[in-house]
2 protein chains.
Amino acid sequence: MGSTTRRGVARPAVPPAEPKYRQLRTALADALDAEFSVGQVLPDERTLAARFGVARATLRQALDQLELDGRLQRRRGVGTTVAPPRVGVDVSPARQAWPGAADDPWTVTGCALLPAGPAVATALAVPRGTQLPTISRTLVADGQPVATERLYALPSPRPADGPPDAAELLAALRRQPLEGQDRAVELGSADAEQSASLDRLPGAPVLLVTTRYSTAGRVAALSLATYRADTCRLTFGDQRLALTTG
Amino acid sequence: MGSTTRRGVARPAVPPAEPKYRQLRTALADALDAEFSVGQVLPDERTLAARFGVARATLRQALDQLELDGRLQRRRGVGTTVAPPRVGVDVSPARQAWPGAADDPWTVTGCALLPAGPAVATALAVPRGTQLPTISRTLVADGQPVATERLYALPSPRPADGPPDAAELLAALRRQPLEGQDRAVELGSADAEQSASLDRLPGAPVLLVTTRYSTAGRVAALSLATYRADTCRLTFGDQRLALTTG
DNA sequence: TAGTGGTCTAGACCACCCT
DNA sequence: GGGTGGTCTAGACCACTAA
């Protein structure tokens with residue numbers, strides 16, 4: 001073929017060959033910084049794709065990444081807007097407390113007996129499928145739902161005492177001394193139920209926070225919370241610092 | 001049109017109409033649980049797509065989500081394999097210490113003077129573009145790189161003292177009393193440099209951990225660490241607990 | 001009803017890894 | 001060279017929102 005590659009176009013050296021959607025992402029990110037303000041709506045995808053001379057699918061790849069980075073917000077039937085900075089949500093385990101304390105910002109949305117799935121069963125050291133009292137809660141910040149949580153407690157020593165009551169369940173937990181608490185954060189994707197609560201589509205990226213509350217040497221409660229990854233930032237604060245977030 | 005919708009197919013009620021890639025995701029997840037073990041390679045995408053009767057792009061949407069959930073691992077030119085459970089990485093700010101302490105598992109990979117970007121400048125309260133001494137480090141777990149970090153320090157009081165030295169820089173930080181430290185976690189996508197260190201493609205999802213080290217009432221150092229979101233789970237442990245992770 | 005983002009298709013070619 | 005996942009296209013239709 002001689003000294004040509006790719007449809008006969010001469011190449012003096014080996015370029016890094018950054019994919020098109022990546023260059024697009026950069027171009028859009030720069031434009032966002034320079035010419036757009038928070039809340040402003042972008043041109044629609046078909047127009048943008050035509051303007052940049054790419055297929056709509058390619059443009060969407062670039063938009064997907066910008067959305068992952070929290071820079072854009074897309075709503076079906078409405079359009080794409082420049083996203084505001086992420087909301088900081090304090091999830092520091094430093095402040096050791098049972099859920100439902102006085103200053104707890106979560107709102108109870110439901111309460112039920114549910115069977116323990118594999119992960120919950122091992123964490124609470126109960127047989128798989130055990131019926132556990134659970135509480136569903138949501139967290140709202142700036143008028144938007146940012147997280148949903150399912151709290152699993154150990155089964156009551158006196159079972160079959162009717163449907164569980166959320167306030168009672170939380171009170172029962174608070175009566176025990178909280179010995180310790182630890183957290184883990186990982187990436188996940190919202191299931192149907194979670195995405196409905198969070199006003200997102202199924203599969204939307206979420207930050208999954210697992211909290212184990214322990215008392216008397218064993219895990220007494222387990223919280224599985226999912227935070228909207230596009231709109232919030234989890235902060236693990238330090239009481240000795242009082243600085244505004246950059 | 002009478003009582004029909006969608007190409008004349010009668011519908012008794014309004015089904016939730018879950019998208020095809022979502023049903024595929026569920027089917028694949030179930031198959032993964034039932035018939036596959038960690039490390040096993042899946043059939044290639046073209047075969048899978050044909051087997052499920054969908055276009056390859058649709059199948060890939062399902063695989064994308066499973067990869068986001070850490071259940072699959074895809075490598076170009078090789079294939080798709082069942083991913084091992086995520087690695088837990090301790091990032092608890094409870095253990096207050098400057099980076100580079102004796103038990104610090106990070107490895108220094110570079111050291112340079114770099115201008116402060118917007119985010120770094122505001123966090124460290126220096127003018128934008130200020131030349132700051134920086135250290136690049138990586139974290140390896142189970143033989144795989146799981147995170148890269150850039151540590152920004154305040155400029156030396158005696159500037160222009162030649163290129164910075166990593167060991168010296170860390171020692172200088174340790175000489176100061178560490179007053180406080182706080183962290184934030186958010187979702188991001190890897191840039192070209194980060195993705196190269198992490199053995200991933202650009203744009204891969206990462207967990208971005210921002211740590212501020214403060215002394216004498218101000219932030220003295222800032223760490224921006226990116227963790228592979230597909231392979232690791234950040235843990236904020238509690239010394240009072242010694243339980244194996246579920 | 002018009003316009004938006006979301007889903008889906010059928011194909012092509014590229015970059016990379018292995019043998 | 002042959003097979004894998006990654007990128008890209010040009011089009012179609014669907015689901016949702018708002019005028």
Side-chain angles (χ1 to χ4, degrees), chain A residues 1 4-9 11 14-25 40-50 52-67 72-81 83 189-190 192 195-196 199-204 230, chain B residues 1 4-9 11 14-25 40-50 52-67 72-81 83 189-190 192 195-196 199-204 230:
Chain A
M1 280 278 188
T4 63
T5 62
R6 285 201 203 180
R7 301 180 224 182
V9 177
R11 299 292 200 108
V14 182
E18 197 168 41
K20 206 177 274 190
Y21 75 86
R22 203 95 249 277
Q23 305 173 25
L24 243 183
R25 196 200 94 101
Q40 193 171 350
V41 305
L42 271 63
D44 72 89
E45 298 184 350
R46 289 162 182 85
T47 303
L48 278 178
F52 285 99
V54 299
R56 192 178 155 219
T58 305
L59 173 81
R60 280 180 59 80
Q61 259 188 292
L63 294 183
D64 284 345
Q65 290 203 359
L66 289 169
E67 201 180 16
L72 291 181
Q73 206 163 332
R74 291 192 281 185
R75 270 178 304 167
R76 168 155 47 178
V78 179
T80 302
T81 57
S189 58
S195 58
D199 192 23
R200 297 256 63 197
L201 291 168
D230 56 340
Chain B
M1 282 273 188
T4 65
T5 61
R6 284 203 202 180
R7 302 182 222 177
V9 177
R11 298 293 200 109
V14 183
E18 197 168 42
K20 206 178 276 192
Y21 75 86
R22 203 101 248 279
Q23 305 173 25
L24 243 183
R25 195 200 95 103
Q40 193 170 351
V41 305
L42 270 63
D44 72 270
E45 298 184 349
R46 290 160 181 87
T47 302
L48 277 177
F52 285 99
V54 298
R56 191 177 154 219
T58 305
L59 173 81
R60 280 181 60 81
Q61 259 188 292
L63 295 184
D64 283 344
Q65 289 203 359
L66 289 170
E67 201 180 16
L72 290 181
Q73 207 163 331
R74 290 191 282 185
R75 272 178 304 169
R76 169 155 48 178
V78 178
T80 303
T81 58
S189 58
S195 58
D199 191 23
R200 296 255 65 198
L201 291 168
D230 55 341

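These numbers come from a predicted model, not from an experiment. A, B, ... follow the sequence lines: proteins, then strands. Residue 1 opens every chain.
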**OP:** Spell out yes or no: do the side chain of A/Arg46 and the base of D/dG11 have one donor N/O and one acceptor N/O closer than 3.5 Å?
**Re:** no
Subject >> Contiguous pairing runs of three or more, Watson-Crick or G-U under 3.5 Å, that involve DNA chain C >> reply: C:1-18 with D:1-18
**OP:** Could I get the full list of salt bridge (charged side-chain N to carboxylate O under 4.0 Å, His left out) partners for B/Arg200, not counting sequence neighbours?
**Re:** B/Glu67, B/Asp230
Original post:
Which one, C/dC17, C/dG5, D/dC8, comes nearest to the side chain of B/Val78?
Top reply: C/dC17
Subject >> Closest to side chain of B/Gln61, choosing from D/dG5, C/dC8, D/dT7 >> reply: C/dC8
Subject >> Length of the line joining B/Arg60:CZ and C/dG11:C1', which is rounded to integer Å >> reply: 15 Å
Original post:
5'-most contact on DNA chain D: A/Tyr21 or B/Gly77, nearest heavy atom basis?
Top reply: B/Gly77
**OP:** Quick one: label B/Arg75 by what it contacts on the DNA or RNA (base, sugar-phosphate, nothing), any heavy atom closer than 4.0 Å.
**Re:** sugar-phosphate
**OP:** State which of C/dG6, C/dT7, D/dT9 makes the closest approach to the side chain of A/Arg76.
**Re:** C/dG6
Original post:
Closest to the B/Thr58 side chain: D/dT9, D/dG5, C/dT9?
Top reply: C/dT9
Subject >> Pair of N/O donor and acceptor under 3.5 Å linking C/dG6 base with A/Arg56 side chain >> reply: yes
**OP:** Name the closest nucleotide to the A/Arg74 side chain, picking from C/dG5, D/dC8, C/dT9.
**Re:** C/dG5
**OP:** State, with a plain yes or no, whether a side-chain heavy atom of B/Arg22 is found less than 4.5 Å away from one of B/Gln65.
**Re:** yes
Subject >> Polar pair under 3.5 Å, donor/acceptor by atom type, side chain A/Arg22, base D/dG6 >> reply: no
